[in-house]
Amino acid sequence: MQSIVEPGSVVGVLGGGQLGAMFAGVARRMGYRVAVWDPDHDAPAHRIADQSFSTPFTDHDTRERFVDMVKAMTLEWENIPAELCEWLEQRRPLHPSSAVLRVIQDRLTQKQFLASCSLPVADFAEVQSGHQLHHVISRLGLPLICKTARSGYDGKGQWLVRQPSDVAQLERVLTTSSETRWIAEQFIAFVRELSVIVVRSVSGDTRVYPVVENRHEQGILCNSRVPASISSGDAEAARELSVRAVTALQGIGVFCVEMFQTQDGHLLINEIAPRPHNSGHYTLDVCTVSQFEQQVRVTCGLPLGEVRLLSSAVMVNLLGDEVTAVMSAEGSRETFSTPGASVHLYGKRVIRPGRKMGHVTFTASDGETAVASAQQFMSRVKIPPSVIPSHS
Ligand code: AMP
């Protein structure tokens with residue numbers, strides 16, 4: 001059993017994006033000091049850190065200083081080099097472990113692992129070159145989605161092949177790309193996308209959050225609704241599958257299991273994030289204990305917190321330029337005066353298309369009121385309102 005890291009101690013977080021910043025804010029509220037390591041000087045968590053490092057993750061001097069300073073560590077991004085994590089975890093507790101990262105960092109390894117544990121996933125195959133594509137298509141059929149095995153996120157590094165005429169283009173991509181490992185997956189005509197946050201401690205104690213229903217556009221999460229508009233039986237199945245997946249991984253930390261629900265009600269796991277997740281941001285505003293507080297608790301060996309949903313919520317991401325509408329004087333007056341709206345801005349200096357700049361959580365005693373409130377907001381700030389998950 002991990003001993004408790006006492007408040008007042010320094011905890012380390014690898015990666016300093018908005019997830020690291022939210023972790024740091026909550027850790028500080030709980031009495032901890034926080035060391036952040038992110039090579040990007042502008043990463044949001046540096047502004048909240050007690051100690052911050054912005055050297056590359058390959059810097060050996062920093063890893064010595066970082067590990068000497070902290071009592072325990074966590075991470076907010078699955079692509080932190082696994083070799084660094086392996087070195088760090090031999091010296092101080094680090095959750096999740098480098099072994100979990102090695103499975104998750106590579107989409108193909110991750111899917112092979114899930115399939116080997118008899119966990120349901122879309123049919124998939126490895127693609128190493130353009131030449132193999134025809135063979136893979138004859139096996140999986142069309143449409144299919146081809147993804148780089150490593151370092152893809154928010155829909156980057158993905159190609160959808162709908163019809164035979166799309167194949168030549170993908171062949172060219174595969175032939176000219178510097179990436180050598182790809183995964184092709186059957187394209188799932190899902191009825192909805194769901195996700196569940198699962199927390200698992202060193203002793204195997206587990207907490208499961210309610211099922212969230214998500215809408216993505218071009219691979220990027222636009223909004224999330226909790227609880228999902230599904231039957232209690234389907235919700236229980238999604239939660240149970242999520243716990244099975246995290247337990248199979250022997251994961252310790254906070255995990256998000258993303259799933260597709262098909263027309264006939266089946267669930268397929270799309271991917272697992274070994275950290276708090278954008279679709280779990282609602283927990284900051286409408287749960288007794290947020291996903292970030294659970295991350296502090298697991299990292300510091302504290303008992304896990306009670307998971308209780310206090311109200312329905314819709315979380316709307318502010319992507320790219322959408323944030324400017326909220327940050328103008330008029331926009332902020334309107335947004336801040338909306339009952340039940342909670343605004344989170346990440347303080348990123350550079351706006352890029354699709355970049356996650358902030359989010360707003362709309363809370364209400366029932367789901368439809370939260371949806372209506374979010375929809376009004378989205379039409380005011382010119383976010384297409386059609387993408388909100390509504391009735392089942
Ligand atoms: P990913 O980066 O794998 O999480 O994919 C981002 C988004 O692309 C998902 O949330 C889905 O909306 C879509 N997507 C990914 N894989 C598939 C698939 N096999 N079938 C249908 N849609 C997919």
Side-chain angles (χ1 to χ4, degrees), residues 18 22 25-26 191-197 207-217 220-236 238-239 242 256 258-259 261 276-294 305-319 322-323 325-328 330-346 356-392:
Q18 65 269 18
M22 292 178 205
V26 171
V191 285
R192 54 176 70 80
E193 293 193 76
L194 304 171
S195 62
V196 173
I197 302 288
R207 296 286 184 279
V208 195
Y209 281 84
V211 183
V212 179
E213 188 173 346
N214 300 310
R215 284 292 160 98
H216 293 82
E217 294 279 314
I220 306 176
L221 181 65
C222 295
N223 59 62
S224 299
R225 172 186 179 161
V226 65
S229 52
I230 55 176
S231 69
S232 57
D234 285 353
E236 213 27 60
R239 284 158 49 95
S242 304
C256 178
E258 293 186 80
M259 289 157 282
Q261 188 182 39
H277 192 261
N278 192 172
S279 66
H281 284 354
Y282 76 92
T283 64
L284 281 168
D285 297 308
V286 293
C287 282
T288 41
V289 173
S290 73
Q291 58 173 350
F292 299 100
E293 180 168 336
Q294 302 282 20
E306 178 207 31
V307 171
R308 184 152 44 94
L309 186 65
L310 302 171
S311 87
S312 299
V314 173
M315 189 270 332
V316 177
N317 266 341
L318 300 169
L319 302 172
E322 289 165 2
V323 74
V326 176
M327 291 180 77
S328 68
E330 187 48 34
S332 55
R333 182 181 297 114
E334 272 197 55
T335 313
F336 282 88
S337 61
T338 304
S342 179
V343 180
H344 301 251
L345 298 175
Y346 307 153
K356 290 172 181 164
M357 305 300 295
H359 70 267
V360 187
T361 309
F362 296 87
T363 65
S365 53
D366 67 279
E368 292 314 316
T369 308
V371 169
S373 183
Q375 249 159 358
Q376 268 173 26
F377 163 78
M378 286 161 78
S379 52
R380 271 204 311 273
V381 302
K382 310 275 186 296
I383 303 173
S386 58
V387 294
I388 285 204
S390 204
H391 317 268
S392 45

(message) Restricting to non-hydrogen atoms, name the atom on E217 and the atom on C222 that form the minimum distance, rounded to 0.1 Å.
(response) CG-SG, 3.2 Å
(request) Can you measure from CE (M378) to CD (Q375) and round to the nearest 0.5 angstrom? (result) 7.0 Å
(message) Between R225 and N223, is the side-chain contact (heavy atoms from CB on, under 4.5 Å) condition met? List the steps.
(response) CA-CA 7 Å; R225 172 186 179 161; N223 59 62; 5.9 Å; no
(message) Checking Y282 against V212 for the side-chain contact (heavy atoms from CB on, under 4.5 Å) test, could you report, in this order, the C-alpha distance in whole Å, the side-chain angles of both residues, the deciding distance, and whether it holds?
(response) CA-CA 9 Å; Y282 76 92; V212 179; 3.4 Å; yes
(message) For a quick test of reading the model, state the closest non-hydrogen atom pair linking S328 to G331 and the distance between them.
(response) OG-N, 2.9 Å
(request) For residues M22 and L284, report the shortest heavy-atom separation together with the two atoms involved. (result) SD-CD1, 3.8 Å
(message) Checking the side chain of Q291 only, and the main-chain atoms of T283 only, is there a donor and an acceptor separated by less than 3.5 Å?
(response) no
(request) Start with the C-alpha distance between H344 and D285, add both sets of side-chain angles, then the distance that settles side-chain contact (heavy atoms from CB on, under 4.5 Å), and finish with yes or no. (result) CA-CA 10 Å; H344 301 251; D285 297 308; 3.0 Å; yes
(request) May I have the step-by-step check of side-chain contact (heavy atoms from CB on, under 4.5 Å) for L318 and L345, ending in yes or no? (result) CA-CA 9 Å; L318 300 169; L345 298 175; 3.8 Å; yes
(message) Which residues pass the ring-ring contact (aromatic ring centres under 6.0 Å, His included) test with Y209, not counting sequence neighbours?
(response) none
(request) To the nearest 0.5 angstrom, please state how far the OG atom of S229 sits from the CD atom of E368. (result) 7.5 Å
(request) For the pair Q294 (side chain) and G305 (backbone), establish whether a donor and an acceptor sit closer than 3.5 Å, ignoring hydrogens and angles. (result) yes
(message) Run the side-chain hydrogen bond (donor to acceptor under 3.5 Å, both in side chains) test against S279 and tell me which residues pass, sequence neighbours left out.
(response) S195, H277
(request) Starting at NE2 of H216, measure out to CG of N317 and round the result to the nearest 0.5 Å. (result) 9.0 Å
(message) Quiz question: by atom type and distance under 3.5 Å, do the side chains of D366 and S312 form a donor-acceptor pair?
(response) no
(message) Are the side chains of I220 and K356 in contact, using a 4.5 Å heavy-atom criterion?
(response) yes
(message) Below 30° counts as parallel, above 60° as perpendicular, anything between as tilted: where do the rings of H281 and Y346 land?
(response) perpendicular
(message) Can you give me the closest heavy-atom contact between T363 and S311, atom names plus distance?
(response) CB-OG, 3.6 Å
(request) Kindly indicate whether the side chain of S373, heavy atoms from C-beta on, has any atom under 4.5 Å from the side chain of Q376. (result) no
(request) Compare all side-chain heavy atoms of M315 with those of V226 and state whether any distance is below 4.5 angstrom. (result) no
(message) I'd like to check V208 versus V307 (side-chain heavy atoms, cut-off strictly below 4.5 Å). Are they in contact?
(response) no
(request) Calculate, to the nearest 0.5 Å, the distance between atoms CD and CG belonging to E193 and L221 respectively. (result) 8.5 Å
(request) State, yes or no, whether a side-chain contact exists between V289 and R207 at a heavy-atom distance under 4.5 Å. (result) no
(message) Can you confirm whether N214 sits close enough to S224 that some side-chain heavy atom of one is under 4.5 Å from a side-chain heavy atom of the other?
(response) yes
(request) For Q261, check side-chain contact (heavy atoms from CB on, under 4.5 Å) against everything at least two apart and list the hits. (result) V191, R192, L194, I230, D234, L267
(request) Can you see which heavy atom on S242 is nearest to which on M259, and at what distance? (result) OG-CE, 3.4 Å
(request) Heavy atoms only: give me the nearest L319-E322 pair and the separation to one decimal. (result) N-OE1, 2.9 Å
